[in-house]
Number of protein chains: 2
Amino acid sequence: MTAHGPYSCGLDAALDVVGGKWKSLILWALAEHGRLRFGELRREVPGITEKMLVQQLRQLEADGLVDREVHQQVPPKVEYSMTDFGATLNEALVPLGEWGERNMRRIVERRAG
Amino acid sequence: MTAHGPYSCGLDAALDVVGGKWKSLILWALAEHGRLRFGELRREVPGITEKMLVQQLRQLEADGLVDREVHQQVPPKVEYSMTDFGATLNEALVPLGEWGERNMRRIVERRAG
DNA sequence: CTGTATCCCTTAAGATACTG
DNA sequence: CAGTATCTTAAGGGATACAG
């Protein structure tokens, strides 16, 4: 979300959309569970604050990756889910996630010692 | 490079290693050209400052993704190339780069209007 | 329950000047 | 040529309190 507009390459654009600490984690949670309320989402993304969760969700929504569904009732109920477009991004993220999974240990150890 | 250590998932770890504005662009330049001197790399990554280029290269080197070769001579000559490990990361980035390439226009337009 | 509104701190990044 | 050093700004993120 650097908003530095016209990108030097596709990766640049993709990281602008999914970069930062939380967005990819939010997408993964939605991919796994399909449809989550705000509070559920907060529990599925450990460590995130309410402020960051709302903020990142709004940006994901603005970029058309996430759908927000408000059920008019008391107490409030809002559900979030991935759009089809969001699903294509999520698929593109799979190899990167697998790479991280495979090499996490190596990276951490290398940095420690 | 948030250094928040033990990750919540692989994607988290991968983005820690390749996140930020420049690292992926540097990797791509090295993947394309194979081996580049500092000055060549600076020209291949448009807009980057010397400070950022050095800083990001040092981190990529520390993580074992990039190899730094100093040729002891005057004037100085230092060449950078991707390690085999770096190449595996680069491959994992391809789908994401392609996604960005395909959807760049859509993203930009949506944000504009 | 689903958010807003502040305040504050840390980090990322940019500009510029200088050195072996 | 390949960096260092320093300063400044911009952005990301966190803590806490509060509201509909």
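To find a chain, count down the sequence lines: A is the first, B the second, and so on, and within it residues start at 1.
- Residues forming a side chain to side chain donor-acceptor pair (under 3.5 Å) with A:Glu69 (at least two apart in sequence, or on another chain): A:Arg35.
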For this session: Mind running side-chain contact (heavy atoms from CB on, under 4.5 Å) on B:Asp67 and B:Met82 for me, showing each step along the way?
Result: CA-CA 6 Å; B:Asp67 188 46; B:Met82 236 174 26; over 6 Å; no
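- The side chain to side chain donor-acceptor pair (under 3.5 Å) contacts involving residues 41-53 of chain A comprise A:Arg42-A:Glu50, where partners must be two or more places apart or lie in separate chains.
- Counting to the nearest Å, the C1' atom of C:dC1 and the CZ atom of A:Arg43 are 10 Å from each other.
- Residues from residues 32-39 of chain A lying near DNA chain C, meaning a heavy-atom separation below 4.0 Å, are A:Arg37, A:Phe38, A:Gly39 in numerical order.
- Taking 4.5 Å as the limit, every side-chain heavy atom of A:Asp16 sits out of range of all side-chain heavy atoms of B:Met104.
- For D:dG3, one of the phosphate oxygens OP1 or OP2 lies less than 4.0 angstrom from a side-chain nitrogen or oxygen of B:Arg68.
- Between A:Leu89 and B:Leu96 the shortest side-chain heavy-atom distance falls below 4.5 Å.
- Side-chain nitrogen and oxygen atoms of A:Tyr80 include none within less than 4.0 Å of the OP1 or OP2 phosphate oxygen of C:dC1.
- Among pairs with a residue in residues 55-78 of chain B, none fulfils ring-ring contact (aromatic ring centres under 6.0 Å, His included), at least two apart in sequence or across chains.
- For the pair B:Leu65/B:Asn90, no side-chain contact is recorded, criterion being any heavy-atom separation below 4.5 Å from C-beta on.
- Between B:Gln56 atom CD and C:dA13 atom P the separation is 6 Å, expressed in whole Å.
- Qualifying side chain to side chain contact (heavy atoms under 4.5 Å, CB included) partners for B:Val66, counting only residues two or more places apart in sequence or in other chains: B:Leu27, B:Leu30, B:Leu57, B:Leu60, B:Tyr80.
- Remark: P of C:dA13 and CG of A:Asp12 are 11 Å apart, rounded to the nearest angstrom.
- When each of A:Pro75 and A:Arg58 is assigned the nucleotide of DNA chain C bearing its nearest heavy atom, the one mapping closer to the 5' terminus is A:Pro75.
- A:Leu53 has its CG atom 13 Å from the P atom of D:dG13, to the nearest Å.
- Among C:dT2, D:dT4, C:dA13, the nucleotide with an atom closest to any side-chain atom of A:Val78 is C:dT2.
- Sorted by first and then second residue, the ring-ring contact (aromatic ring centres under 6.0 Å, His included) pairs involving residues 83-113 of chain A (not counting sequence neighbours) are A:Phe85-B:Trp99, A:Trp99-B:Phe85.
- In this structure, the side chain to side chain contact (heavy atoms under 4.5 Å, CB included) partners of A:Val94, at least two apart in sequence or on a different chain, are A:Glu98.
- If you take NE2 of A:His71 and P of C:dG3, they are 11 Å apart, rounded to a whole angstrom.
- Rounded to an integer number of Å, the gap from CE of B:Met52 to P of D:dT6 is 18 Å.
- One interatomic measurement links the two molecules: CD of A:Glu69 to P of C:dC1, which rounds to 19 Å at whole-angstrom precision.
- Bending across the helix from C:dC1-D:dG20 to C:dG20-D:dC1, expressed as the angle between its end axes from five pairs apiece, amounts to 50° (10° rounding).
- Remark: P of C:dT4 and CZ of A:Arg42 are 13 Å apart, rounded to the nearest angstrom.
- For B:Val70, the side chain to side chain contact (heavy atoms under 4.5 Å, CB included) criterion is met by B:Arg68, B:Gln72, B:Val78, not counting sequence neighbours.
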Please write out the pairs of protein N or O atoms and N or O atoms of nucleotides 15-20 of chain D separated by less than 3.5 Å, giving the distance to one decimal.
none

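- Among residue pairs with one or both ends in residues 9-37 of chain B, none qualify as ring-ring contact (aromatic ring centres under 6.0 Å, His included); sequence neighbours excluded.
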